[in-house]
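In what follows, a structure is listed as structure tokens, so that the remarks can point back to it.
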Amino acid sequence: MPEAATRELTFAQAIREALAEEMRRDKRVCIFGEDVAEAGTPFKVLSGLVEEFGRERVLDTPISEAGFTGMGVGAAMTGLRPVVDIMFGDFLTLTMDQLVNQAAKVHYMSGGTWKVPMVLRTTLGATRRSAAQHSQSLHAWPSHIPGLKVAMPSTPYDAKGLLKTAIRDENPVVFFEDKMMYKLKGPVPEEDYTIPFGVADVKREGADITMVATSSMVQVALGAAEKLEQIGVSAEVIDPRTTWPLDEKTLVESAKKTSRAMVIDEGYGRYGVTGEIASVIAEGAFYSLEAPVKRMGAMHVPIPFSPPLEDVTVPTEQTVFEAARVLCGKA
Amino acid sequence: MPEAATRELTFAQAIREALAEEMRRDKRVCIFGEDVAEAGTPFKVLSGLVEEFGRERVLDTPISEAGFTGMGVGAAMTGLRPVVDIMFGDFLTLTMDQLVNQAAKVHYMSGGTWKVPMVLRTTLGATRRSAAQHSQSLHAWPSHIPGLKVAMPSTPYDAKGLLKTAIRDENPVVFFEDKMMYKLKGPVPEEDYTIPFGVADVKREGADITMVATSSMVQVALGAAEKLEQIGVSAEVIDPRTTWPLDEKTLVESAKKTSRAMVIDEGYGRYGVTGEIASVIAEGAFYSLEAPVKRMGAMHVPIPFSPPLEDVTVPTEQTVFEAARVLCGKA
Amino acid sequence: MTIATEQSKVIDGVKVEQWVRMYRRMVMVREFEENVNELYTRALMPGLAHLYIGEEAVAVGICEALRETDYITSTHRGHGHCLAKGAAPDRMFAELLGKKAGYCKGKGGSMHIADPATGNLGANAIVGGSAGIATGAALSAKRLGTGQVTVCFFGEGALGQGVLYEVMNLAALWKLPVIYVCENNLYNEYTHFSETTAGEMSSRGMAFGVPAESVNGQDVRVVYAAAQRLVERARRGEGPAFLICNTYRYHGHHVGDINREYYRSKQEEQEWKTKRDPIKNYAAWMIENKVADTTKLEEIQKEVHAEMKAAVEFAIAAPYPSPEEAEQDVYA
Amino acid sequence: MTIATEQSKVIDGVKVEQWVRMYRRMVMVREFEENVNELYTRALMPGLAHLYIGEEAVAVGICEALRETDYITSTHRGHGHCLAKGAAPDRMFAELLGKKAGYCKGKGGSMHIADPATGNLGANAIVGGSAGIATGAALSAKRLGTGQVTVCFFGEGALGQGVLYEVMNLAALWKLPVIYVCENNLYNEYTHFSETTAGEMSSRGMAFGVPAESVNGQDVRVVYAAAQRLVERARRGEGPAFLICNTYRYHGHHVGDINREYYRSKQEEQEWKTKRDPIKNYAAWMIENKVADTTKLEEIQKEVHAEMKAAVEFAIAAPYPSPEEAEQDVYA
Ligand SMILES: Cc1ncc(C[n+]2csc(CCOP(=O)(O)OP(=O)(O)O)c2C)c(N)n1
Ligand SMILES: Cc1ncc(C[n+]2csc(CCOP(=O)(O)OP(=O)(O)O)c2C)c(N)n1
Ligand SMILES: [Mg+2]
Ligand SMILES: [Mg+2]
């Protein structure tokens, strides 16, 4: 949690600041991806970096996600610390071989001799009216793969701290940013800080129900918690911040305390993040739970374009509030 | 379950027979992949098909998994019914864009106008001493994606029946075959039959514990069930046969009956199939369960080459037996 | 007015009727896109769109060489392709606004227009994402003996995607009837293609056994002639081709890309717009060669203008799908 | 015996010492692989292996042009590359048998030998899978100014993988010091390359701005000369190259591929073995040109033979890792 919150930054600014500071600190850090230099990415997250660090360290690539992710692996093995930019999380599909068969396995297959200190930054999140190929939240895939770490911040503060940790980590880290959150503001201290992986953050304390929420869903859960308070339900909101490593203890302890839990994640609800976390809680807090763990994820459909359709495919403050109310027997 | 089990076939023969019969029945069915004609695949599963159906319908491709999977999508949209052969499940990494951003979404994105009746056959399973890039069981990934169906047979009988259903389905189906099971024999009737998707099969009835097992793990669970019987535990073994659609009802009802459940799957234990199925059971049978649902999957490591290492990364009869014993309080 | 009625007269080897249709189609595309831009500015369109203005001669020239039953695959910048292949503007606008009457019932939006009736296999928001689909459709045509040809449209940015080479190789090996049409509008989003493309662009075809040509994409007559030749060649079973059409997009990468000076100059834009406009220059040629006169062309423009206005109104008035529909059409 | 001792004498522009080393290395690779085959047949080796016999001149000729600090990436058929780059046979055999003393502590096996000490970034069991890694290593070398060159070995089957073209394009654009070495041994597993490769193979380089050459991969002198030139060019900052080495594998695709007549004739095999054997022909040249005499060559063969026997014994006697090690080395 922020200590000396002297100023507010947007989520995008926090990301940019983390990159700039790490690039100043360590000459080996470099960035590559599509339109990262010329345009500072379509989301303008990287604006200004090429001016400071030059085209030797901020490199515009062709539209070759597999190729330049693979280059990230090789560059990381041989002395650079690349931050690979994959514009939309949907394009992870193109990088899976490099990420999963190469990056994740190099260290292990080589008996621990080679390392891959690479960060792959990408996005997640729907409701941007971008349709099925630009709206997915595919973080469950890398979370499934040993050898990768997966971070997904939900505030500007976490974004900066986790990204610095990712860059300093000796392993491949997949870093998911909710593209709808780039303009979200929050306190970010001026001093250098990092946030350890595998440490969940209690975003709000509560006594009656545990809401585990990730990335984009943390704000949604906090909003729902406000509403719940109005009907006398005290909700605890916990953000694991990294799906791997996963801070099982904090999640389980909270569920033991509240005796009710739900998991809210913007990835598809099936065979994804909610299944894992719900299982961890159902197992760890088995003898304390008064009701089944409730899971909420994206509807099991490709994300539709049309606003009235798209809006019903992801959990909202209202749907989370209602589900929590039912779970707490206040319906 | 087989009715008129007049003869035994191996798993590989059952697959081949399903393909041959469907190719005879429907001229639109064709196969493409690496070494499918010339060699009948390295596993020899397709031997003889090119002789019967010719090189127009059994096509050897270059080593271009993304490319020919994409062609499968286009061919399926326009009148063929391609069966795309991806030699090792590990190479799914290369096809994810075609499979997930294209095949799975075409029908939905086009408002239901185009269809993709394509089957992608591939393998899963470790312990073949093939190391980290040829041993993965990645079926959790497609199971996570709406628009795809995922089948994973555990017997020759199921293999034939499910593959026929897959070929006749109007949607993209990912079909996983355990490569260690190709030589497994079992009864397969001569008559034409299909097995509906989304219908679990009770491979063994029991009263004390429900073991949900998939693909390669079904035989393992059955073996463990034998051992359990010897210590007076009656285990029910259920094979969902398709992870999507998933026959939740059969799984939940069994768990309600036995009050104890475990899920055994060869994919990685984290963020995969066991999490989903365990959650479904924990939720559906919440008030009947006497213990947390136990999950067993591959160890969270890239699959190592060395036999003594590889052997400890996947559940075995012995480890499943022991886990079940503990779960039933017989330890 | 004799010229306009003599539809079957042949000029430069092509019927007047066809020349006129190409003009009308180019005007349609431009008018359609102007309306899209307006819908965006008026905040009536959800999301973004990538305008085809400036590139009209490519889609129109190519599709003029195709039969209705032939296939196309399209891109994020796909409205022009869809219209040129025969899509109805009203259902397209409806789709862009997320309405139920749209080609995809509102599920696809600007980047996913698809329509079996006009052989449109779908626009694709993955750069290079439809190369496999197009090549697979060509495989079907060959195997089923239908005589259909498939055109795969993509921007020069897609030359960065390896899958394109995988399928070109396959198309060449199997002699599939597919034409890869590369629309080189100089930019991959905000990056000039020279920073992303090594070597000679046309050699990207030959290296995989696919004969390549490069043409002026601002001249519909040139595009049509090349397409005609390559499509017929493919139809005869002589295999795929790779056609580079050099062109330019007048607007931003998408409707929100307004300030472009950091990546390209106003002067460059101005030059293309004034000297190489595909519609203006083609109109001049038509008049000069008595394919049509000014009156006729103005008449077409008016008709198209009215058609588009009506189509936009239809789309605005059309109802949204109901939320329950979100769960439909996942499986066939 | 003067010839053998005059190691610093220069013949054809190359020191005798180097010519001899190349001979020794080729013999090492062959002997190594013969032993692998035997270990397989004696059921002492878990899994399978892909033998490099017949292709020795490629790895040896290329690596002779490299410095110890230069990088290579290798393939499923990688033993030759690793040995040529300086790997120790005993630790390689240990790895193949899954022993703790192996290069990867038994975790990698035949297809994943890696070794930072000799610049070996790792063999790869994904066809084409190391193209990105190799190109990334070249990026590091350029950015860090180390002067290192990377060689990316792959079979002609990898020409089917699009990622290769993605990174060649990048290497050309950024002038990276990487040599793409295509070992064309005619077969992708069991399918002849002519059925999988359209167009002219060497144009696959030029199309992406990477200069290409094609050489006789059975002649170590030719391979070395080409490599030497291209590696120095890359080291000078003049960019990547694409080198096709035409060669042949004598054995099956893997050790279990015994009956091969359904995909290639015995006669074809016989011809390559008898007429174009890289070791035999090179030995003849050495003798003819007084680089070494028969006695010297036999001596080398005996030494290598003994070394390999000892290495095999070391590996057989070496202990397996303990099961707990399975969970180690997942994260650094
Ligand atoms: C695989 C993939 N990578 C990146 C993007 C983001 N993107 C959308 S359009 C575009 C540029 C495409 O350039 P080009 O192919 O030349 O088409 P143009 O926009 O110029 O018509 C990019 C990078 C994408 N949609 N798909
Ligand atoms: C991506 C991928 N597809 C398929 C395979 C299976 N496979 C292993 S080796 C091989 C043939 C490789 O041929 P080539 O590249 O010419 O190498 P060679 O074996 O001839 O040395 C294939 C298809 C693989 N390992 N990786
Ligand atoms: Mg462009
Ligand atoms: Mg080969």
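In what follows, every chain begins at residue 1, and chains take the letters A, B, ... in the order their sequences are listed. All of these numbers come straight from a predicted model, not from anything done at the bench. Worth knowing before you read on, the calculation uses all heavy atoms, side chains too, and leaves out hydrogens, waters and symmetry mates.
Contacts between Leu94(B) and chain C at a heavy-atom distance below 4.5 Å are absent for every atom of the residue. At a 4.5 Å heavy-atom cutoff, the contact between Tyr71(C) and chain B is made by side-chain atoms alone. The contact between Leu173(C) and chain B is made entirely by side chain atoms (from C-beta outward), counting heavy-atom distances below 4.5 Å. Heavy atoms closer than 4.5 Å to chain B are found in both the backbone and the side chain of Leu121(C). For a residue to count as touching a neighbouring chain, one of its non-hydrogen atoms must lie under 4.5 Å from one of that chain's; by this rule Asn124(C) touches chain B with the side chain only. At a 4.5 Å heavy-atom cutoff, the contact between Gln328(C) and chain B is made by backbone atoms alone. Heavy atoms closer than 4.5 Å to chain B are found in the side chain of Leu176(C), but not in its backbone. Contacts of Lys105(B) with chain C are absent, with no heavy-atom separation under 4.5 Å from either backbone or side chain. At a 4.5 Å heavy-atom cutoff, Ala134(C) makes no contact with chain B through either its backbone or its side chain. For chain B, the nearby part of Tyr103(C) is the backbone; its heavy atoms alone come within less than 4.5 Å.
Contact count versus chain C (heavy atoms, under 4.5 Å) is highest, among Pro82(B), Ala103(B), Gly70(B), for Gly70(B). Looking only at heavy-atom pairs under 4.5 Å with chain C, the residue among Lys149(B), Gln102(B), Lys115(B) that has the most is Gln102(B). Chain C forms the most heavy-atom pairs under 4.5 Å with one residue out of Gln98(B), Met109(B), Glu65(B), Met77(B), and that residue is Met109(B). Your options are Gln148(C), Met168(C), Arg143(C), and the one with the most heavy-atom pairs under 4.5 Å with chain B is Arg143(C). Between chain C and the residues Val73(B), Leu59(B), Val106(B), the largest count of heavy-atom pairs under 4.5 Å involves Leu59(B). Per-residue heavy-atom pair counts under 4.5 Å with chain C were compared for Thr69(B), Leu148(B), Thr61(B), and the maximum is reached by Leu148(B).
Residues His107(B) and Ala332(C) share a closest heavy-atom pair of NE2-CA, 3.5 Å. Of all non-hydrogen atoms in Leu139(C) and Ala75(B), the two that sit nearest each other are CD2-CB, 4.5 Å. Asn171(B) and Val330(C) get closest at one heavy-atom pair: OD1-O, 4.4 Å. Between Pro62(B) and Leu170(C), the shortest heavy-atom contact is CD-CD2, 3.3 Å. In terms of heavy atoms, Leu80(B) sits closest to Ser140(C) at CG-OG, 3.4 Å.
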Met71(B)/Trp174(C) under side chain to side chain contact (heavy atoms under 4.5 Å, CB included): CA gap, chis, key distance, verdict: CA-CA 12 Å; Met71(B) 287 176 62; Trp174(C) 297 353; 3.8 Å; yes
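A side-chain donor-acceptor contact under 3.5 Å links Tyr108(B) to the backbone of Ala326(C). Panel note: side chain Tyr331(C), backbone Gly147(B); a donor-acceptor pair is recorded below 3.5 Å. Although no hydrogens or angles enter the test, the distance criterion places no donor-acceptor pair under 3.5 Å between the side chain of Trp114(B) and the main chain of Gly122(C).
Shown here is Glu56(B), whose CD atom has no more than 12 heavy atoms of other residues, nucleotides or ligands within 6.0 Å. When the shell of 6.0 Å around NZ of Lys44(B) is examined, it contains more than 12 heavy atoms from other residues, nucleotides or ligands.
Between Asp115(C) and Thr113(B) there is no side-chain heavy-atom pair separated by less than 4.5 Å.
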